[in-house]
Amino acid sequence: MPASKKETEAELVRALATIMNDADLGEIEVENSDVRIRINKTFSLQPQAMPVVAPTPAPIAAVAAPASEPTSASPAEAAAGNAAAANAIKSPMVGTVYLASEPGAKPFVQVGDKVNAGDTLLLIEAMKTFNPVSAPSAGTVKQILASDGQPVEFGEPLIVVE
Amino acid sequence: MPASKKETEAELVRALATIMNDADLGEIEVENSDVRIRINKTFSLQPQAMPVVAPTPAPIAAVAAPASEPTSASPAEAAAGNAAAANAIKSPMVGTVYLASEPGAKPFVQVGDKVNAGDTLLLIEAMKTFNPVSAPSAGTVKQILASDGQPVEFGEPLIVVE
Amino acid sequence: MIKKVLIANRGEIALRVHRACKEMGIATVAIHSEADRDAMAVRLADESVCIGPAPSAQSYLKKSQIIAAAEITGADAIHPGYGFLSENAKFAEMVEAHGLIFIGPTAEHIRTMGDKIAAKQAMIANGVPVVPGSDGGITSIDQAKKVARDIGYPVLIKAAAGGGGRGMKVAEDEDALETAIKTAKTESKAAFGDDAVYLEKYLGKPRHIEVQIIADTHGNVCHLWERDCSLQRRHQKVLEEAPSPALTDEQRNEIGDIVAKAVQKMGYRGAGTMEFLCENGQFYFIEMNTRLQVEHPVTEMITGIDLVREQIRVADGKKLSFSQDEVLLVGHAIECRINAEHAETFVPSPGTITDFHAPGGPDVRLDSAVYSGYRIPPHYDSLIAKLIVHGRSRKECVMRLRRALDEMVVGGVDTTLDLHRKLVEAEDVVDGNYDIHWLERYLGLK
Amino acid sequence: MIKKVLIANRGEIALRVHRACKEMGIATVAIHSEADRDAMAVRLADESVCIGPAPSAQSYLKKSQIIAAAEITGADAIHPGYGFLSENAKFAEMVEAHGLIFIGPTAEHIRTMGDKIAAKQAMIANGVPVVPGSDGGITSIDQAKKVARDIGYPVLIKAAAGGGGRGMKVAEDEDALETAIKTAKTESKAAFGDDAVYLEKYLGKPRHIEVQIIADTHGNVCHLWERDCSLQRRHQKVLEEAPSPALTDEQRNEIGDIVAKAVQKMGYRGAGTMEFLCENGQFYFIEMNTRLQVEHPVTEMITGIDLVREQIRVADGKKLSFSQDEVLLVGHAIECRINAEHAETFVPSPGTITDFHAPGGPDVRLDSAVYSGYRIPPHYDSLIAKLIVHGRSRKECVMRLRRALDEMVVGGVDTTLDLHRKLVEAEDVVDGNYDIHWLERYLGLK
């Protein structure tokens, strides 16, 4: 094995280590035809009970992050298990999502709709008050991640407008 | 495997170990068509009290061992902290070392002495009985690691005959 | 009947409440900020809800978010722990207005005890001893002499407008009184533009002694003896013990009775603590905490009573599970608060705990929400573990505490473990011979 | 006066003894095999001595090496723990012959209790109930009928030369007796070439109940109530509790008195346990263990007494630190033995413990010598932790045990934690309704 390759590998490991620390990961494994590299950070507890409302991130975040594409996904987004979550509009509060102004009414928006900045996308009810979540800018509704009547946490991804 | 390759691998392991410590990792595994290397940091407790009779091995044994070159050094030898310990004659029992047949007498052997197989090198006293430790084969006394009256554990290096 | 409790707190106390709930067959909801996703209580609770970003003001202090979290999870009661919203009367009101049970006293009691003057008046009305003094300002030397004679020397002259020790003078006897008053007036005038001063009994070497009580809604009140929390640094308790090495059984029974009676007269509900300064066997009320205290485990270890369980029972309208006669006092208990701070400089040390090993064996309790690999977020207080040890005697307790401290390992961050290891060897601590100034003197002299 | 104790054992019990010593201000010497260099007791002890290679026969059972280790370290007493040399009369003799204190009974008592026939005779002589039966072989059907009538049906016919269940027959009543005897004789003749049989009371659903005692050298003996250890698998105790859910206070006091009196008559010294089978409130002596038991912590948790401390005191010639009247029985305690074994197949699982997290909070005790990163050597038994939980009632204790088991984490090796998690949910265990066969039936049926 040529030394240059070795150096490349050490460099790769170093790069992975940086990513691991930056992105707060627990383990990284990279495998291609030439090489398989796994780096891993110390242990974490196995939870005995899984939360019901929304899953917490896996205790040992065995997220494989390719070196060339560092992810900026926050744990909340990872938890949502959704690729689109990164640019989704997130819930500004704890509450219950309503996609229409009243039961049976037409939803505020549907996938494919064009929206303007300030348009109401959905409501979040908390403590008997309904709080509109509006589009931050004009765009097209790409994905609706929350369902009608769904309880949401703070920071939970709701809707993708691009 | 040619020595040069070994050296390269040792270098890689050293590089990985440095990364491990710098990046505060728990484990690194690198595998390619030629070699698989895994280094791993076992956490261990920090002892609150150090034993008096003989030091225990370092609590965090961050020993990087390349897969192709297993080390045969036992903890007892590491504990003795002596490069010559590997080929030393070790204590077959717990007891107190005596280098001479009685107080004030000439020692059984001194560094530089030539000995024959079966020659008494020193005595170990335990439970009021004196047990001779003999030379396993002919050779020259290179080093005497135990001192007169010193308490020794099982497996503690006593003397080097080459 | 409480079936699901939302725990409106974080850290070790959130875990403490979770434990009590699980042992009662009650489901738990852990709320948390974005910084606390990996918290132990979040991991162990039946459900969890993220209620906001890391800063407390936007999460653990955000009343509406906490109540919304109770709504979406269907929790029927909220335990506030200590700190955060635990003594916020408005929050207690909101919780009850939303048809939920607040595991704590009524908003009214929280409000009264939160107001120092109202609290002191309530205590006087209910027969609890307070620091004696001139009720208003000093109008003449003769009046001052009379008051001082009544309460006994030494006395303290304090600026009515005062603070920070300015305008404060001690008079050891009557001869010194006039000069002290004049000096205090002059200093007060210079510092605050007001020369009004008043007079109070001076406590030179008081101990901080507090009495734990719990009351149900059926008129039953029990005191659970006292805790001695005199070892403080910057008004933060560092090591607490029960019973106090400074009290006789007679004194202990007497102050316990006084407090229990006062609390009964008040019609109080839930757990609470009356804090006193104590000097020469005399007690002087400081304040009443209308919540669980950090140091409640020392009381639990000498009485065998689970205070959080009783809090929940009482909030649920049940009777206390014991009477005063059944409140035992067995042996001695000491708690060490272990903070993620440098043991000498007290600089906080957030970061990742690389090694964590709890001490074990008989009569050792660890209340901690950290674990190996846990990251201590920088946003909150630095308490990472409470080590509580019990022994049949104070001496046994101290010896056991030493060996438990020696076994404990927290790696990766600075901790005050070493301070505690020194404290339990210090002669005055071993002898129980300290007042509220002792620790700062000890740290200063070191 | 004992100043330095050599701990002639390994694992959790070595740590247990170390803890008691440190709490008494006594220095400790940990001995260890080459496989146990990283053991917790070795790390924590004041001194350590490697006494041989991994196999027990060359280390922990090597009497001369252990005594030599005491000599070179200047230890003045040896605590044998349980297992290994703890019930080896010869070792006790050697220890004393070398002028050291053996923390245990005299060699004579160890020897007597180690001989099943001598032990049974000693018990009969001292008024302890044993399994009744024909003292010798059955000589005639009439004699057998008479004996059976005296001891009551059902009775068990056993081959004198027997073992492994062969030649054993149960007779439910007198009608079945003759046939049972004949069948047993035939089987015995075929299996062992000898048709001698004897008769004993048959216990169909006995519980294993044992009484803890401790005696000093001044004639004081106390019993510390009983433990119920009926949950066994292949004669290995799995979960123990105190008090037994099967006894009334009257029965508990009675058997305690009988045992304490017998032990006093024997002139016994130190801690010991009399094991009984118990059926329908009747006790039948099995054997006496002349050492500390694995499950001693359940007794410690209901009495508040540190048994190892008392062992050391008694060995040092001191009086017991309590009288029988002072032996409390407060609440309930249960111990789970957590082994590094698969929870269903019971295949041992030595290896490295990657994660370890102890449960905490009130009334939870963990006796364990393992830690995160510890390698369980394959040479010794698989016990890695004892989780002991106390509650004011049995119900509270079971609820607390459930939550503690849920908090505990052992990663990297298989453990029996999951078995315990199932056991504490099993209706019969919750009800305390089990005998010595229950667990094997439960595991077989699962």
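Each chain gets a letter, A, B and so on, in the order the sequences are listed, and its residues count up from 1.
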Participant: Please list, in residue-number order, every residue in residues 97-111 of chain B that has a heavy atom less than 4.5 Å from any heavy atom of chain D; write 'none' if there are none.
Facilitator: none

Participant: Residue by residue, which of residues 94-109 of chain D have a heavy atom closer than 4.5 Å to a heavy atom belonging to chain B?
Facilitator: D:M94, D:H98

Participant: Measure the CD-CD1 distance between B:E153 and D:I31 for me, rounded to the nearest 0.5 Å.
Facilitator: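 The CD atom of B:E153 sits 11.5 Å away from the CD1 atom of D:I31.
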
Participant: Can you name the nearest heavy-atom pair linking D:I72 to B:V94, along with the distance?
Facilitator: CD1-CG1, 3.6 Å

Participant: Which residues in residues 9-30 of chain D have a heavy atom less than 4.5 Å from any heavy atom of chain B?
Facilitator: none

Participant: Do side-chain atoms of D:E71 reach the backbone of B:M127 as a donor and acceptor pair under 3.5 angstrom?
Facilitator: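 The answer is yes, because a donor-acceptor pair under 3.5 Å joins these two groups.
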
Participant: For residues 53-68 of chain D, give me every residue with a non-hydrogen atom less than 4.5 Å from any non-hydrogen atom of chain B.
Facilitator: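 Against chain B, the residues of residues 53-68 of chain D that fall inside the cut-off (heavy atoms, under 4.5 Å) are D:P53, D:S64, D:Q65, D:I67, D:A68.
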
